[in-house]
Amino acid sequence: MGQIVGAMQSNVAEAFGSRRKRRRSTDSTDSEEERERTKQQNASPKKKKLLTTTQYIYKALFKEEKNSDVSVMAMDKVWHLHKVYLSQSPYFFTMFNGTWKEAQQNFVHIKILDERITVESLDAVFGSMYSDEIEIEANDVIPVLATATLFHLDGIIDRCAEVMADTINAETAIQYYEAACQYGVISVKKSTFQWFQINLLSIYNKHPNLLRHISIDLMNLLTASHDLYVLQTEFSLYTLLRTWMFLQLHPHYDPEDPVQRAEALKTQERLTNAGVETNTPSMDVAQWTYFTNRMEERSFLATPEGQPYVRVFQRLRTQYLTNHYMDLKIIFNDNIIPKEWLYKHIHSHWDALLRIDHHQEDGNPLHLDDEQFFENCMRCGRLLTEPGYQKWRWTGFNYGMDLILIMDSRRLNIRRHHRHEHERVLSLQTKRKFMIRTTITSINAQRQPVFTQSSDIITLNLEKNEEVTLMVLDPKLVHPLLISINMLLVMPPNQSFKEIVPQSEESNMSAADRPISEIGGNCERSLTPASADDSAVFVASGDSETSTPSTPASARRLPIRYNWVHSDEEALCRDVAC
C-alpha cells in the first residue's frame with residue numbers, strides 16, 4: 001500500500017514538474033519572440049531598391065546602348081537605338097515599316113534643317129521613348145518642342161505646351177509666340193497673345209530691347225485687338241508704336257548701351273544749349289531727332305522706309321488721337337501719320353458734335369452690333385496696384401461729357417460729372433447716351449492673368465451728375481488689377497479713307513479743305529512727347545469735386561511740351577483732385 005502511494009506521489013510530482021517546465025518553456029519562447037520583435041522594430045530595416053522595368057530599360061538600352069539594332073546620326077552625333085522603341089514616333093514608324101530604304105538598313109542619317117533643334121533636345125526626345133517621363137526646363141522647352149514636332153510626338157508637344165503656359169513672362173513671351181505659330185501649338189499661341197494684350201503697354205515701353213523684337217504681324221494683330229489693355233489712352237499706344245518702329249529701323253541702336261547713352265546725353269545737352277527744348281529722356285533723343293529732322297512734307301508712312309508699317313498704324317484708333325490739344329500737336333509734329341487722316345477725324349468730330357447739339361439721334365450710338373462697337377470704340381485703361389477708394393478721368397474732348405470712374409473695394413461706378421468750373425466743353429443736354437464695356441483682370445507676379453471679369457456691352461443714358469454701377473467686383477479679383485474700358489460716345493464715321501496713304505498731303509489738299517489747319521501745322525518740330533506715359537490722362541483721388549485739373553491745355557501752358565514729373569509705376573497718372 002505504501003509503495004502504491006509513493007508511486008502516485010512520484011507521478012503527480014512528475015506531472016506538475018513537467019507542466020512547470022512546459023510553462024517555463026512557453027514563457028521563454030514568448031519572451032524571445034517579443035525580444036526579437038522589439039529588436040526588429042528598433043533596428044533600421046535594410047531595403048534593397050530594385051530598378052523598375054522602365055528604369056532598367058532606360059539604363060541598359062538607351063544609356064548603355066545594349067542590343068542596338070539601328071544607329072541614328074544627327075548633327076554629327078550617333079545614337080545606338082532600337083527600332084521597336086523608335087517606332088513609337090510616327091516619323092520612325094513610317095520609315096521602318098514602309099518602302100523607304102531605311103527599312104532595310106541599320107543606319108539612319110537625319111539631316112536637321114530646323115535651327116531650333118539641338119543635340120541636347122535630340123538626346124532628351126530619344127531618351128523619352130525609353131522612359132515614361134521627360135524633364136523639360138523652361139530654357140530648353142523650345143528646342144524640345146521643335147524636336148518633338150519633327151518626330152510627331154504629341155505627348156511631348158503637350159508637355160512642352162504646359163511648361164510654356166506656366167512660364168510666360170516679358171523675357172519669354174515673344175519667343176513662345178513665334179514658336180507656337182511655327183509649330184502649330186494653338187493653346188500656347190492663345191495664351192501668349194492674351195499675355196501681350198494685357199501687358200504690351202505696361203511692360204514693353206520700359207524694355208525697348210524686348211519691344212524691338214515684336215514682329216510686324218504680331219504688332220498688327222495687337223493694335224487691332226479690342227481686348228488690348230491700352231494704358232492710359234490711344235495716344236499711349238501711338239507713342240509705343242513710334243518707339244517700336246524706330247527700333248526696328250535701327251537694329252544696332254541700343255538705348256541701354258552705356259556708350260550710346262552717353263552720346264545721347266551729349267546730344268540732349270547740345271540741343272538744350274541751342275535753346276531747343278525736347279523735354280524727352282536722353283534715351284529717346286535719337287528717336288526724337290530721327291523723326292523731327294525730316295524735311296519732307298509727306299508723312300513718314302508715305303516714304304519707302306515707312307511703308308512696311310502702314311497696316312499697323314491703320315489699325316490704330318487714330319480718331320482718338322485728335323481728342324486733346326497737346327496730343328494733336330505732337331502728332332502733327334512727328335509727321336508719321338498722314339495729315340489727311342487727321343483732317344478727316346477733325347471734321348467727323350465737329351459733325352458729330354453739331355448733331356448732338358441739335359438733338360439728332362444719329363449722333364448717339366444706339367443700334368450698333370458688337371462688331372461695329374469693337375471696331376470703333378475708344379480704348380482706355382488703368383493699373384491699380386493697391387486697394388482703396390480711387391477715382392480718375394481720361395481727359396480730352398469727349399463730346400461734351402466729363403466721365404469719371406470711381407472704384408472702391410466692391411464696385412466700379414461711372415459718373416457723368418457736370419460742373420461748370422472745369423475748363424472743358426460740357427453738353428447742356430439733360431441726358432446723354434453712350435455705349436460701354438468693362439473688363440478687370442487680376443495678375444500674378446509674372447503678369448499672367450489669374451482671374452478676369454468682363455461685362456456685356458451696355459448702353460447708358462445718364463443725366464447730369466448721375467452715377468451708376470458698371471460692375472460689382474467678384475471676390476476673386478485681387479490687386480494688382482488692370483482695368484480696361486471700351487467706350488463709344490458718338491456714331492462712328494466711315495474710315496475707308498485710311499486705306500490710302502497720300503504721297504503728299506500738302507499737294508492733295510487745298511487750304512479751304514483743312515478744317516483746322518493751324519493746329520500743330522506751324523508748330524516747331526523741336527517739340528516731342530517725353531514718353532507714352534505723357535498721354536492726356538487726369539487722375540483724381542479723394543473726395544474733392546471742385547478743384548480744376550491741371551492739364552497741359554490749361555491757361556498757364558508753356559512752350560515746353562511737358563512740364564510735369566512722373567514717378568515710376570504711377571507715372572501713368574497725375575495725382576490731382578477731381
Side-chain angles (χ1 to χ4, degrees), residues 193-194 196-198 200-201 220-238 240-241 312-324 327 337 341-342 344-346 348-349 351-353 355-356 361-382 392-405 412-414 416 427 432-441 452-462 468 470-471 482-498 535-537:
F193 188 77
Q194 182 187 26
F196 277 118
Q197 289 180 130
I198 293 173
L200 178 66
L201 277 91
N220 181 55
L221 293 174
L222 289 170
T223 307
S225 173
H226 58 263
D227 289 321
L228 181 66
Y229 285 61
V230 176
L231 305 181
Q232 295 285 330
T233 63
E234 199 77 15
F235 184 76
S236 302
L237 179 57
Y238 165 79
L240 180 86
L241 292 180
V312 174
F313 281 87
Q314 284 175 332
R315 300 295 184 271
L316 188 67
R317 311 289 171 89
T318 51
Q319 63 268 39
Y320 300 113
L321 300 180
T322 56
N323 283 5
H324 194 283
D327 293 353
I337 295 174
W341 297 3
L342 304 177
K344 291 285 188 180
H345 288 317
I346 294 171
S348 66
H349 291 334
D351 179 70
L353 189 62
R355 291 178 181 275
I356 293 172
E361 284 296 328
D362 56 356
N364 292 310
L366 294 175
H367 305 295
L368 295 181
D369 58 31
D370 290 0
E371 183 178 355
Q372 290 175 309
F373 173 83
F374 285 129
E375 286 181 356
N376 297 278
C377 63
M378 178 191 304
R379 299 176 291 190
C380 307
R382 176 159 165 76
W392 68 94
R393 62 160 61 87
W394 292 285
T395 62
F397 178 66
N398 290 326
Y399 303 94
M401 282 195 292
D402 179 17
L403 298 174
I404 295 178
L405 279 295
L412 176 64
N413 292 352
I414 189 169
R416 181 190 169 190
S427 173
R432 285 291 304 274
K433 295 179 181 179
F434 62 97
M435 301 175 71
I436 188 168
R437 184 192 73 153
T438 306
T439 305
I440 303 180
T441 296
T452 297
Q453 183 179 356
S454 185
S455 71
D456 295 328
I457 302 171
I458 60 175
T459 299
L460 297 179
N461 192 13
L462 298 186
V468 297
L470 290 177
M471 181 180 290
L482 281 166
I483 299 177
S484 177
I485 300 292
N486 301 96
M487 287 192 295
L488 194 59
L489 306 178
V490 297
M491 288 294 291
N494 185 340
Q495 299 194 43
S496 58
F497 59 86
K498 290 176 65 176
S535 174
V537 180

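Keep in mind the model is a prediction, meaning the values are calculated, not measured. Any value given below was found using the heavy atoms of this structure, including those in side chains, with hydrogens, waters and symmetry copies removed.
Distance check: Met378 CE to Asn323 CG gives 5.5 Å after rounding to the nearest 0.5 Å. Remark: Gln232 CD to Leu237 CG distance equals 13.0 Å, nearest 0.5 Å. Between atom CG of residue Asn376 and atom CD of residue Glu371 there is a gap of 10.0 Å, rounded to the nearest 0.5 Å. Rounded to the nearest 0.5 Å, atoms CD1 (Ile404) and CZ (Arg393) are 4.0 Å apart. Distance CG/Leu470 to CD1/Ile436: 4.5 Å, rounded to 0.5 Å. The structure places CZ of Arg382 at 12.0 Å from CD1 of Ile485, a figure rounded to the nearest 0.5 Å.
Under the salt bridge (Lys or Arg N to Asp or Glu O under 4.0 Å) criterion, Arg315 pairs with no residue, sequence neighbours left out. Thr322 is linked by a side chain to side chain donor-acceptor pair (under 3.5 Å) to His349, counting only residues two or more places apart in sequence or in another chain. Every ring-ring contact (aromatic ring centres under 6.0 Å, His included) that Phe196 has, sequence neighbours left out, goes to Tyr204. Ser454 meets the side chain to side chain donor-acceptor pair (under 3.5 Å) test with Thr439; sequence neighbours excluded. Checked against side-chain contact (heavy atoms from CB on, under 4.5 Å), Gln453 has the following partners two or more places apart in sequence or in another chain: Phe451, Met471, Asp474, Leu477. Taking the salt bridge (Lys or Arg N to Asp or Glu O under 4.0 Å) definition, one finds that Asp351 meets it with Arg355, sequence neighbours left out. Every side chain to side chain donor-acceptor pair (under 3.5 Å) that Tyr229 has, sequence neighbours left out, goes to Thr441. Partners of Phe374 by ring-ring contact (aromatic ring centres under 6.0 Å, His included), not counting sequence neighbours, listed by chain and number: His226. Applying the side chain to side chain donor-acceptor pair (under 3.5 Å) rule to Gln197 yields the partners Ser225; only residues at least two apart in sequence or on another chain are considered.
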**OP:** Check step by step if side chain to side chain contact (heavy atoms under 4.5 Å, CB included) holds for Leu368 and Met491.
**Re:** CA-CA 9 Å; Leu368 295 181; Met491 288 294 291; 3.7 Å; yes
Subject >> Worked check of side chain to side chain contact (heavy atoms under 4.5 Å, CB included) between Leu316 and Leu321 >> reply: CA-CA 9 Å; Leu316 188 67; Leu321 300 180; 3.7 Å; yes
**OP:** Would you check, one step at a time, whether the test side chain to side chain contact (heavy atoms under 4.5 Å, CB included) holds for Trp394 with Leu405?
**Re:** CA-CA 9 Å; Trp394 292 285; Leu405 279 295; 3.6 Å; yes
Subject >> From CA spacing to verdict: side chain to side chain contact (heavy atoms under 4.5 Å, CB included), Phe373, Arg437 >> reply: CA-CA 10 Å; Phe373 173 83; Arg437 184 192 73 153; 4.3 Å; yes
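Proximity of Tyr238 to Asp327: side-chain heavy atoms (C-beta onward) are nowhere separated by under 4.5 Å. Here the side chains of Leu462 and Phe434 are in contact, with some heavy-atom distance below 4.5 Å. Residues Met487 and Leu403 have side chains in contact (heavy-atom distance under 4.5 Å, counting atoms from C-beta outward).
For Arg416 (side chain) and Met401 (main-chain N/O), no donor-acceptor pair under 3.5 Å exists by modelled atom type. The backbone N or O of Val230 sits nowhere less than 3.5 Å from a side-chain atom of Arg379 that would complete a donor-acceptor pair. No donor-acceptor distance shorter than 3.5 angstrom exists from the side chain of Lys344 to the backbone of Lys498, with no hydrogens or angles considered. Counting only distance, with no hydrogens or angles, the side chain of Gln372 and the backbone of Asp369 share a donor-acceptor pair below 3.5 Å. Between the Glu234 side chain and the Tyr320 main chain, no donor and acceptor come within less than 3.5 Å of each other.
A side chain to side chain contact (heavy atoms under 4.5 Å, CB included) with Thr223 is found for one member of Leu228, Leu240, Leu241, Leu200 and no other, namely Leu241.
Shortest non-hydrogen contact noted between Asn486 and Cys377 is ND2-SG, 3.4 Å. Between Leu201 and Leu231, the shortest heavy-atom contact is CD2-O, 3.5 Å.
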